[in-house]
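Note that the structure is a prediction, hence the values are computed from the model and not measured. For reference, positions follow the sequence shown, starting with 1.
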Amino acid sequence: IIIKPAILMRRDGMISQLHYQIKHLMYKATFGYLVPGRHRHSARIKHFFTNKSKILRYLYWLTVFKNGNAIPLAVDIETQGQCNRACSYCPVSISEKRTGKMSDTTFSDIISQMIDMKFKGQVRLSLYNEPLLDKNLEKFISYTRSKLIYSVIKFNTNGDIMTVDRVKNLFNAGVDIIEITNHDNKASKKLQALMQKVPKKYHDRIIIYDICNIMLHDKGGILELPEDVEKGTHANKFGCVAQMGLVIDYRGNALLCCNDYYAKNSLFTLPASSILSAWKKGKELRREIFFGRYKKQICIACTKDVTIS
């Protein structure tokens, strides 16, 4: 489904052609995932506007983010807390075992509020967990697809327990993109065997990342990464883009960003708070972080000793 930007972007019908073209580009950068296969193209456009200059970054803030008044451009929802791995580059390896699941009521309440917000961005059903351990994952995907018909639904998995039948069930439920992170050689061989059996019609909607090619984060100073590992960050010399989305963990905590593993900087907790009202209250904080004026300790730790291009 392709939504014409003019329908969503025009406010009063009086808009110049140049302004419209700029917004069109911004729109594609933000919602490129509406069409499976455009993820790489949209990422390049977003990178251009947020990484090239302060002026372009400010333009992105004014148009796509509507001077901080826009709704979240993506929402991460962690439906349960468990993971079957304990990778050294993940906080799961150094913390107590995470147990518990998000209730159906909390999940449906989140989706309901996103409908009220007229949300059309990405819905990502994973965080620090292994989403395939959730037996209700297909049900949550199906429910989200029925309510947020214009959103792209995706999740990241280690693929350890993925099967061909599960792949089919997930796509039939309505997921758009499945991202699989290949963590080691054993997993790599298993993924190769899996992809040989997966119907070809799904291949362009399954993205496999090799952990060796991904810059790792110390999660705001939580982890001590090996010296030979290149440390990454969501920030560049103009600021941090992590604030453009909303992250909700399985306990209903809305985190400052995806690196806030222990929820020490939780913005609000569901269902006690309204997503939209709490999001609006955090406008100034998001602006400060987006333009690189870091005051929170997690932000300072995240960007410390990192070569920011």
Side-chain angles (χ1 to χ4, degrees), residues 1-3 28 30-43 72-85 101-102 104 106-108 110-112 114-115 119-183 187-211 214 245-248 250 258:
I1 299 173
I2 301 177
I3 307 173
K28 287 166 65 177
T30 306
F31 299 110
Y33 279 91
L34 282 172
V35 181
R38 285 191 180 177
H39 48 275
R40 294 178 181 88
H41 176 64
S42 64
L73 304 183
V75 176
D76 294 14
I77 307 173
E78 187 180 42
T79 62
Q80 58 86 27
Q82 291 184 317
C83 184
N84 60 310
R85 283 180 173 255
K101 297 181 178 181
M102 179 176 287
D104 292 359
T106 299
F107 186 87
S108 61
I110 293 171
I111 300 301
S112 177
M114 291 167 69
I115 295 172
F119 179 84
K120 296 181 177 67
Q122 294 182 42
V123 180
R124 303 184 291 226
L125 298 178
S126 56
L127 187 57
Y128 288 102
N129 63 331
E130 171 46 55
L132 295 181
L133 292 175
D134 191 344
K135 296 180 180 179
N136 293 323
L137 182 60
E138 284 87 344
K139 181 179 73 173
F140 286 142
I141 290 172
S142 180
Y143 182 78
T144 304
R145 170 56 62 228
S146 68
K147 300 297 182 181
L148 299 172
I149 61 174
Y150 298 126
S151 289
V152 164
I153 305 170
K154 57 183 288 194
F155 65 86
N156 183 279
T157 171
N158 56 42
D160 289 350
I161 58 175
M162 182 71 87
T163 64
V164 175
D165 288 339
R166 194 78 191 270
V167 169
K168 294 178 180 178
N169 291 338
L170 289 163
F171 281 116
N172 288 335
V175 74
D176 292 296
I177 297 172
I178 297 176
E179 296 178 337
I180 303 177
T181 302
N182 173 30
H183 290 275
S188 178
K189 294 178 181 179
K190 183 177 179 180
L191 288 175
Q192 290 176 10
L194 174 70
M195 290 303 294
Q196 290 178 355
K197 299 177 182 178
V198 170
K200 290 185 178 180
K201 64 180 180 179
Y202 298 134
H203 282 202
D204 65 338
R205 298 166 65 185
I206 299 175
I207 305 171
I208 300 178
Y209 298 101
D210 193 325
I211 195 65
I214 301 175
L246 180 64
V247 182
I248 303 175
Y250 70 99
C258 59

Check whether any side-chain heavy atom of [X] lies under 4.5 Å from a side-chain heavy atom of [Y], and answer yes or no.
X	Y	value
I180	Y209	no
T181	N158	no
N156	R124	no
F171	I206	yes
R145	D176	yes
I111	F119	no

Pairing residues for [X] by the salt bridge (charged side-chain N to carboxylate O under 4.0 Å, His left out) criterion, not counting sequence neighbours:
X	result
K147	none
E130	none
D134	none
D104	K139

Salt bridge present between K190 and D160 (N-O < 4.0 angstrom) = no
Hits for ring-ring contact (aromatic ring centres under 6.0 Å, His included) against Y143, two or more places apart or cross-chain, chain-then-number order -> none
R205 side chain vs V175 backbone, donor-acceptor pair below 3.5 Å =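 The answer is yes, because a donor-acceptor pair under 3.5 Å joins these two groups.
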Closest non-hydrogen atom pair, Q82 against Q80 |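 Of all heavy-atom pairs spanning Q82 and Q80, the closest is N-OE1, 2.7 Å.
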What heavy-atom pair brings Y250 and T79 nearest, and what distance separates the two atoms?
->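 Reported closest heavy-atom pair: CB-C, 4.2 Å.
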So which pairs with a foot in residues 122-141 pass ring pair (Phe, Tyr, Trp, His ring centres under 6.0 Å), sequence neighbours left out?
->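 As it turns out, the ring pair (Phe, Tyr, Trp, His ring centres under 6.0 Å) pairs with a partner in residues 122-141, which skip direct neighbours, are F107-F140, Y128-Y261.
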